[in-house]
2 protein chains.
Amino acid sequence: MTAPADSARRSAEGHVVPYWRRIELALRARIEGLTPGDRLPSDADLCSEFGVSRMTARNAVTRLVEEGLIVRVSGRGTFVAEPPAHRRADRLLTFSHEMRRRGRVPSSRLLAREIRPSSATEAAALGLRASEPIVVVRRLRCADDEPIALETAVIIQSVAAAVLAADVEHGSLHEALARAGWHLRRGTATIGAAAASPEDARLLGLRRGDPLLVERRVIADTHGRRVEATESRYPADRYALDVQFDVEPDTDRETR
Amino acid sequence: MTAPADSARRSAEGHVVPYWRRIELALRARIEGLTPGDRLPSDADLCSEFGVSRMTARNAVTRLVEEGLIVRVSGRGTFVAEPPAHRRADRLLTFSHEMRRRGRVPSSRLLAREIRPSSATEAAALGLRASEPIVVVRRLRCADDEPIALETAVIIQSVAAAVLAADVEHGSLHEALARAGWHLRRGTATIGAAAASPEDARLLGLRRGDPLLVERRVIADTHGRRVEATESRYPADRYALDVQFDVEPDTDRETR
DNA sequence: TTCGGCAACCAGTATAGACGGGTCGGACCG
DNA sequence: CGGTCCGACCCGTCTATACTGGTTGCCGAA
């Protein structure tokens, strides 16, 4: 038989949790306690440890490799990778988690929270009809009381109740959404730069015209529904993003 | 046996070309002629078309999914994805290709090309000993004669001959390196912002202090050797990067 | 005509086994 | 003592098969 009808494979919400997921989580936890360069179990080790076939074990490992947490070296083994110096642009973790990961103390100041009709741009980003109502949450995010980001989140009205009830100064907006049953999963970001407006400058403690790193994200939930569009504005000298990239195969020049 | 000892499986350099690679390239070409939302062959179709097992076909498809070219929808099929508006931060393609993709005419102006000892920062980025010699190529990249990027590439000395011989104003630096046997494959980028220096401003046609998007890349070849470190400085209003991201799994509980 | 159910598809997950080529340490030989 | 070769390991690739759950279109019954 193949997938054992093992009842413990179901999560709280009743979804089936694949075997590779358990292995992935176990490895993720194990990596926490290791240092870069340390060796991880081989494919064969994982097979016997978790009682799965090699393809299944490799599936779990492959995900961590793509995430950049570990590297596979053919003929030698699998090793813990060097962590990036900044937040990875292709991962999104809550501001609080990210700052704590870097040993800093996060805090937030709520600047505004309101329901209003969406602008044309906002409606387009979330795939709404023009001027359909949205919830806006605007926060100043700090680390060790130093302003790091000016963040404006625009959220679809269906989750208004959860957003308005949440403690967005001390808790995570995404955690509040998750509790309301909206599990955010993937998204697309556009990264650019801009000059600080007078308001940016005042809130972030800069001078007008100072360079900002601007990240615009549209985040969708598990079912692909666009839930949130956020703009984060970071002072250039306090924030950067890392990303791993592949060189486009030059072979017979595939472009796009 | 399993992998047929098919002699056509070897590339010009003698590497074995996996089956999934051929399928990947075939699909990549096919996608060119399709529009977003179009359906691609199912796993089963690919199996019979290319005469491989399903795991192999899926391997090829999975790579394109990760690249964001296509999306898989369980129960329905695989579809061409919406292309990003800007260059994807997690792909690197030559400046010329990228501009042509957007229907613009690329050109370059060579500002400097020299061999000199590396600075401490440069040596660290490339993993060299301090002040080991490097080749520096500095170019102004334009589209339709509008300056788009100020690019400074720092390259290890082993490839100096190829770099000095290359026509870097009309040809691609990476193509020159590829002809010399150095196949660049992966890298890490750090994305930030900065204010234009007087020199930036002069070359890019900006005012001093205007915001720039700054991308610093370290690129390695197929064997993991770091070959090139490049800094690109883009005027904020003429360039942006796109990236797809995953939301970090909510620490402890895996739900979803 | 509409609605319910079924069959055909389709991707997701999983098994078990196999060969290839790279890496590395130890045994063996000169 | 040094160099070479071999075998143990390990990742990369590939085959063949199978069950699950979601989607869709079609057909027949109400």
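The sequence lines fix the lettering, A, B, ..., with proteins before strands; numbering per chain opens at 1.
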Any side-chain N or O of [X] below 4.0 angstrom from OP1/OP2 of [N]?
| X | N | answer |
| --- | --- | --- |
| A/Ser74 | D/dC11 | no |
| A/Arg76 | C/dC24 | yes |
| A/Arg72 | D/dG12 | yes |
| A/Thr78 | D/dC11 | yes |

Report yes or no: does [X] contribute a side-chain atom to a donor-acceptor pair with the main-chain N or O of [Y] at less than 3.5 Å?
| X | Y | value |
| --- | --- | --- |
| B/Ser118 | B/Glu132 | yes |
| B/Asp45 | B/Ser42 | yes |
| A/Arg100 | A/Phe95 | no |
| B/Arg102 | B/His86 | no |
| A/Glu122 | A/Ser119 | yes |

Criterion side-chain hydrogen bond (donor to acceptor under 3.5 Å, both in side chains) against B/Arg72, the qualifying member of B/Asp43, B/Thr78, B/Thr62: B/Thr62
Residue-level proximity of residues 55-63 of chain B to DNA chain D when a heavy atom falls under 4.0 Å: B/Met55, B/Thr56, B/Arg63
Check each residue of residues 34-48 of chain A for a non-hydrogen atom within less than 4.0 Å of any atom in DNA chain D, then write out the ones that pass by number, or none. A/Arg39, A/Ser42, A/Asp43
Please say whether the positively charged group of A/Arg225, taken as NZ for Lys or CZ for Arg, lies over the ring of A/Trp182, i.e. under 6.0 angstrom from the six-membered ring centre and within 45 degrees of the axis. yes
Among [options], which nucleotide sits nearest the side chain of [X]?
| X | options | answer |
| --- | --- | --- |
| B/Tyr19 | C/dG12, D/dC14, D/dT24 | D/dC14 |
| A/Arg54 | D/dT13, C/dG12, D/dT24 | D/dT13 |
| A/Pro18 | D/dG12, C/dT15, C/dT13 | C/dT13 |

Whole-Å gap separating [atom2] ([N]) and [atom1] ([X]):
| X | N | atom1 | atom2 | answer |
| --- | --- | --- | --- | --- |
| A/Ile70 | D/dC10 | CD1 | P | 15 Å |
| B/Phe79 | C/dC10 | CZ | P | 10 Å |
| A/Ile23 | C/dT15 | CD1 | C1' | 13 Å |
| B/Phe50 | D/dA16 | CZ | P | 17 Å |

In the structure I gave you, are the side-chain heavy atoms of B/Asp221 and B/His183 within less than 4.5 Å of one another anywhere? no
Are more than 12 heavy atoms, taken from residues, nucleotides or ligands other than B/Arg216, located less than 6.0 Å from that residue's CZ atom? no
